[in-house]
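Have a look at the structure below before the remarks.
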Amino acid sequence: MKRFNPLEIEKKWQKKWEEEKPYRAEVKPGVPKMYIAEMFPYPSGAGLHVGHVRNFTIVDVLTRFYEQQRLNVMRPFGYDTFGLPAENYAIKTGTAPQEVTKANTDNFRKQAKRLGYAIDWNREINTSDPEYYKWTQWCFLQLFKKGLAYQKESYQWWCPVDQTVLANEQVENGHCWRCGHEVEKKKMKQWFFKITEYADELLDEIDALDWPEKIKTMQKNWIGRSVGAEIDFKVVNDAHSITVFTTRPDTIKGATFLVVAPEYPDLQYFVSDDAKEAVEKYKAEALKKSEIERQENKEKTGVFTGAYAINPATKEKIPIWVADYVLSGYGTGAIMAVPYNDERDKEFAEKFDLPIVETELVDFDAFGTPKTTYRMRDWLISRQRYWGCPIPIAYDKEGNPHAIPEDELPVILPEIQDYKPDESGRSALAKAKDWLKVKIPVKDPKTGKTHLEEMTRETDTLDGYACSSWYLWRYVSPHDKKQAWDKEAIAYWAPTDIYVGADHAVAHLLYVRFWCKFFADLGYLPFREPIKKLIYHGYINAPDGKKMSKSKGNVIDPLDVINDGYGADTLRVYEMFIGPVELDAAWDPRSVGGVYRFLNRCYNLCFDNKNESSDNKNAVIRNKTIKKVTEDIYKCNFNTAVAALMEYVNELYKEGAATGDLVTLAKLLKPFAPHLASEILEKYGADDEWPKWDEKYLVTDTVELVVQVNGKLRAKISVDVNDLDDESKIIDLVKSNEKIAEYTKGGIKKTIFVKKAKLVNIVV
RNA sequence: GCCCGAGUGGUGAAAUUGGUAUACACGUAUGCCUUAGGAGCAUAUGCCAUUUGGUGUGCAGGUUCAAGUCCUGUCUCGGGCACCA
C-alpha cells in the first residue's frame, strides 16, 4: 500500500505555480468576471494563524471553483500594515516599524504560498507603502475639498494607554479596542469624515445587500435613524431658546420640564446666579465620570439650573434641568421631558419631585419642524500616533488648514528615533522638526497671485480604517502611478463579487460603503455598493473550546500542522470540513487525522488502483456527487461538499473506480486540495474544467418507496419509476405487500401518496 | 430591559424546507491483514427490550395522514443594542 506524501507533491506544484503564474488576472472585455477577496490581514509577527487559513481557504475554494468554470477570476492579496502593534513593538525594541513590517509581510507571503493559494501575486498591496498611501492621502484630499473631511473641537474618546483618540466604532463597551483600557473623554480639535452625510443611503440600501442578516442588523442599529421633530422652547427672561429633539412631538403637552446635557454649550447663558455653583459642580463631576460609570450607574442625577422655559403648547413655565442621562452628542443635547410617557423622564421626575401630567396627544405641526437624527456620529480619523498615514494638511500662522497640493503627494512618513507618544495630544511626528516645515502655494484673494507660504504640517496620522476603505479598488490597478485606480479596470472588475471575513461588522464594512458612495458621487466609481456578497465566517477556537491565545498556550500553528506531515491540502480540507462557515468551531486534532486519511484514500484510489471498473458503472453516484458539490459550493456549504466527496470515495472503494470517476473526483477536489488534485489530473492528462452533471443519470429505473402506517415506517418497496405516475397501481402494490397487509388487516381509513417524497402513508 | 439567532448521539455535525431523523467525520468495539505504523481494510455503533417491537431532535402543549421543520407557552445558551429622547 502506497503512502501519500503531501510534502513532496505540494513542493512540486508550488514551484510550478511560482514559475508559471497561472493565477495572473487581466481585463478580458466580454468575458464574465469574478472578483473575490478576503479582508486583508494585519501581518503580525506570529505569522498566519488557523483563522487566517479558514478565511483565505474559503476565498481560495471559491476562486478555484469559478476559475475551473472558466470565469475570469481575480484574487489579489494585501496587507493592512499601519497600526499600533508594529509601533508598540518599535517603542519596546527600537526597531523601526518599517523594518518590522517588512519582515512580517515577507513571512506572511511565504506562508500564504505554502498553502497553495491561487493568488495573483502581481496584485499585492501594502498600506504602509508610500506608493499606496500616496493615494490614501489623495482620497483624503477629495473628501477635504468637498467639505466631508473637517475639523471640530469636541469631547472625544481618549485612550490613556495608547495616548490617542479613538473613533466611536473603536470603543467597545467603554474600552479601547486595541489595549482594552478604559477610555476617557478629552476635549480636542480633531479631524472627522462626515459619514452622517450618507446616513440615509447607507441605511436604506442595507436591505438589498446579499450579506448575512446579522451584519445587516448591526449596521442598521449602528446608524440608528430616528424620525421626529425639533421644537424650540423659549427661555423665560432671556434671549435664548432651547431646541430639543423628540420622536414624539405629539406628546408635547405632557412636557413638564426640560433637560440638557452637562456638555450643553449654551448652558452658561441661562443658568441663574444662585444655581451657578451647583451647576458648575455637577458639570465637572459628570465630565470626570468615566463613560463606564455613566453607563453602569443608571441612577438618575441632575441639578436645577434656576431657569425656566415656556412650553409652546401649554404656555406653561417649566423648569430647565441639567442631567447626564441626556447625551450631548445625540439630537440637540437637550430634551423635553414627558414623564407620563417616558420611563426615564418618569424616573427623573419622581426622584426630583417634578410634575407628571397625563399627556393629551396633539398635532405637533404648529410647534416643531420635522427632523431626523442618527445614532451614528461622524467618523473621527485623527490619531496621535506615529505609524499611520500622514494627513496631507498644513496650517498657516492663523491655524487654518491647507491641503498639501496633490502633485506633492505622498507626504512621506519620516523615519524618526523616538516613537513614543505623550500626553501633549500630538503624535511623535511633532518631534520631527525639519519635516514639520513646508511651503504651500497660497492664492491671494485680492491680487489673484499665488505665493509660497511657510506652514506647519499636521502631525496626526489617519485612522488605519481610512487605508482599508479603498484598497478593494486599488487591487484593480495596483501599480498605477497616475491615479488611485484605473477607470476601465474598475468598470470591469468592481464591485467586489465576494468578500470574505470574520470581523469589522460595522466599522470597516460601513466605511467602505461610505467611501464607495462618495467616490461614486465624484464620478470615480460606476457603482454605489462596493461588495455584492459578503461571507462572514466563524472563528476557530482551541481544542479546549477557548479562544486561542499565546498566554494560554493553546495556539495551533497552521505551519506546524503542515510540517508535521499532514501538508497544506489536509489543513485546507480540514478547515472547510470543520463545520458550517458561519459558526465558530473548536480545533480537533483527531479530525485532522481523519481528513488526512480521506486524502490518502483518494491518493491510493488513483495511484494504487487494482480494480478499475467499466466507465459507466458509477454514473449515478458520480453525477449525484457533481451536483451536490457544485450546489454546495454555491451555497458556501463547504462542510457538506467535502462530505459528499468522502461518500463518493467510499463508494468507489466498494464498487471499483473507473478513470472517469477519478478524473471527476480530482476536479471536484481541486478547490479544496489543489496540490493532490493537480497530481491526479496530471497522471490522467486531464484538464481541470469543472464537470457538469447529467440529470438523466439522477433518475434511476427503480426507486425505493417508503411505506408508513399511521406515519410510522413499516416497509420499503422497490418500484418501477414509471409506476410513480399511477397512484392506484402504487397503492395496490403497497397493499399486496405481506407486511403491510398484516398491519392493515383491520381496515384502511385513508391512503396518502406523495410522489415527490416517494412515500405512501396508510391510516388505519 | 429590548431585538435577533440557536438547542439533534459520547463528540463536530447532516436532513432536498412539512415526508425514511442522525449523512459525513471523530471516538469506541470486534475482526482481518501486515517488512509492527502516527498504519491499512471490513463490520457494528441514539436509547430501551432476547428477535418481530417500543421510543427518540431542550421542556409542555397544539395543528396535520405526517412535525427536528409550522403555531402557543416555557427554559437554557449565544449574539447585537442598551439612559439615543
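Side-chain atoms are counted along with the backbone in the values below, which use heavy atoms only and exclude waters and symmetry mates. Below, chains carry the letters A, B, ... as their sequence lines are ordered, and counting in each starts from 1.
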The criterion is side chain to side chain donor-acceptor pair (under 3.5 Å); which residues satisfy it with A:Y743, sequence neighbours excluded?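 With neighbours one apart ignored, the set is A:R714.
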
Let me know the distance between [atom1] of [X] and [atom2] of [N], rounded to the nearest Å.
X	N	atom1	atom2	answer
A:E347	B:A85	CD	P	17 Å
A:E651	B:C41	CD	C1'	17 Å
A:N563	B:G38	CG	P	19 Å
A:F257	B:A85	CZ	P	17 Å
A:D632	B:A15	CG	C1'	12 Å
A:I578	B:U11	CD1	P	17 Å
A:F638	B:A14	CZ	P	14 Å
A:I740	B:C65	CD1	C1'	15 Å

5'-most by nearest nucleotide on RNA chain B - A:R377 or A:K712: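 Comparing both residues, the 5'-ward one is A:K712.
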
Given RNA chain B, 5'-ward residue of the pair A:T247 and A:A585, judged by closest heavy atom: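 That would be A:A585.
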
For [N] and [M], measure between their [atom1] atoms and round to the nearest Å.
N	M	atom1	answer
B:U8	B:U76	C1'	15 Å
B:A49	B:U72	P	39 Å
B:G31	B:A23	P	25 Å
B:G38	B:C48	C1'	39 Å
B:G78	B:G9	C1'	22 Å

I want to verify the glycosidic state of B:G9; is it syn or anti under the 90° rule?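 Because its glycosidic torsion lies within 90° of 0, B:G9 adopts the syn conformation.
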
Is B:U34 in the syn or the anti form, by the rule that syn lies within 90° of 0?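 For B:U34, whose glycosidic angle is more than 90° from 0, the conformation is anti.
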
A correct dot-bracket answer for RNA chain B, with pairs being Watson-Crick or G-U at under 3.5 Å, [ ] for crossing pairs and | for inter-strand pairs, is (((((((..(((......[....)))((((((.......))))))(((....)))..(((((..]....))))))))))))....

No-hydrogen, no-angle side-chain donor-acceptor test under 3.5 Å, [X] and [Y]:
X	Y	result
A:D661	A:Y648	yes
A:D345	A:Y325	yes
A:D720	A:T702	no
A:Y340	A:T251	no
A:T301	A:Y282	yes
A:S241	A:D232	no

Taking the six-membered ring for Trp, is the centroid-to-centroid distance between [X] and [Y] below 6.0 Å?
X	Y	answer
A:W587	A:Y574	yes
A:W321	A:F257	no
A:F192	A:W379	no
A:F577	A:F638	no

Gap separating the CG atom of A:L599 from the CE atom of A:M646, nearest 0.5 angstrom: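 Answer for the CG-CE pair, A:L599 versus A:M646, is 7.5 Å.
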
Does the B:G38 base have a donor-acceptor partner in the side chain of A:Y596 within less than 3.5 Å?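 By the distance-only test, no, there is no pair.
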
Taking any heavy-atom pair under 4.0 Å as a contact, classify A:Y566: base, sugar-phosphate, or nothing.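 Base, at least one base heavy atom under 4.0 Å.
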
Within less than 4.0 Å of OP1 or OP2 of B:A85, is there a side-chain N or O belonging to A:Y325?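 No.
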
For A:D204, which residues count as a salt bridge (Lys or Arg N to Asp or Glu O under 4.0 Å) partner, sequence neighbours excluded?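 So A:D204 forms a salt bridge (Lys or Arg N to Asp or Glu O under 4.0 Å) with A:R225.
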
Test applied, side chain to side chain contact (heavy atoms under 4.5 Å, CB included); reference residue, A:T664; option that passes from A:V629, A:I626, A:N618: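 With A:T664 as partner, side chain to side chain contact (heavy atoms under 4.5 Å, CB included) holds for just one option, A:I626.
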
Detail all sub-3.5 Å separations between protein N/O atoms and N/O atoms belonging to nucleotides 45-47 of chain B.
none

Which nucleotides of nucleotides 17-29 of chain B have their base under 4.0 Å from a protein heavy atom (B), which only their sugar-phosphate (S), and which neither (-), written as one string 5' to 3'? S-BB--BBSSS--

For RNA chain B, which residues of residues 213-228 of chain A approach it to below 4.0 angstrom with any heavy atom?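 Per residue number, the list reads A:M218, A:N221, A:S226.
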
Six-ring centre of A:Y536, A:K214 cation under 6.0 angstrom, axis tolerance 45°: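 Judged by the rule (NZ or CZ under 6.0 Å from the ring centre, within 45° of its axis), A:K214 is not positioned above A:Y536.
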
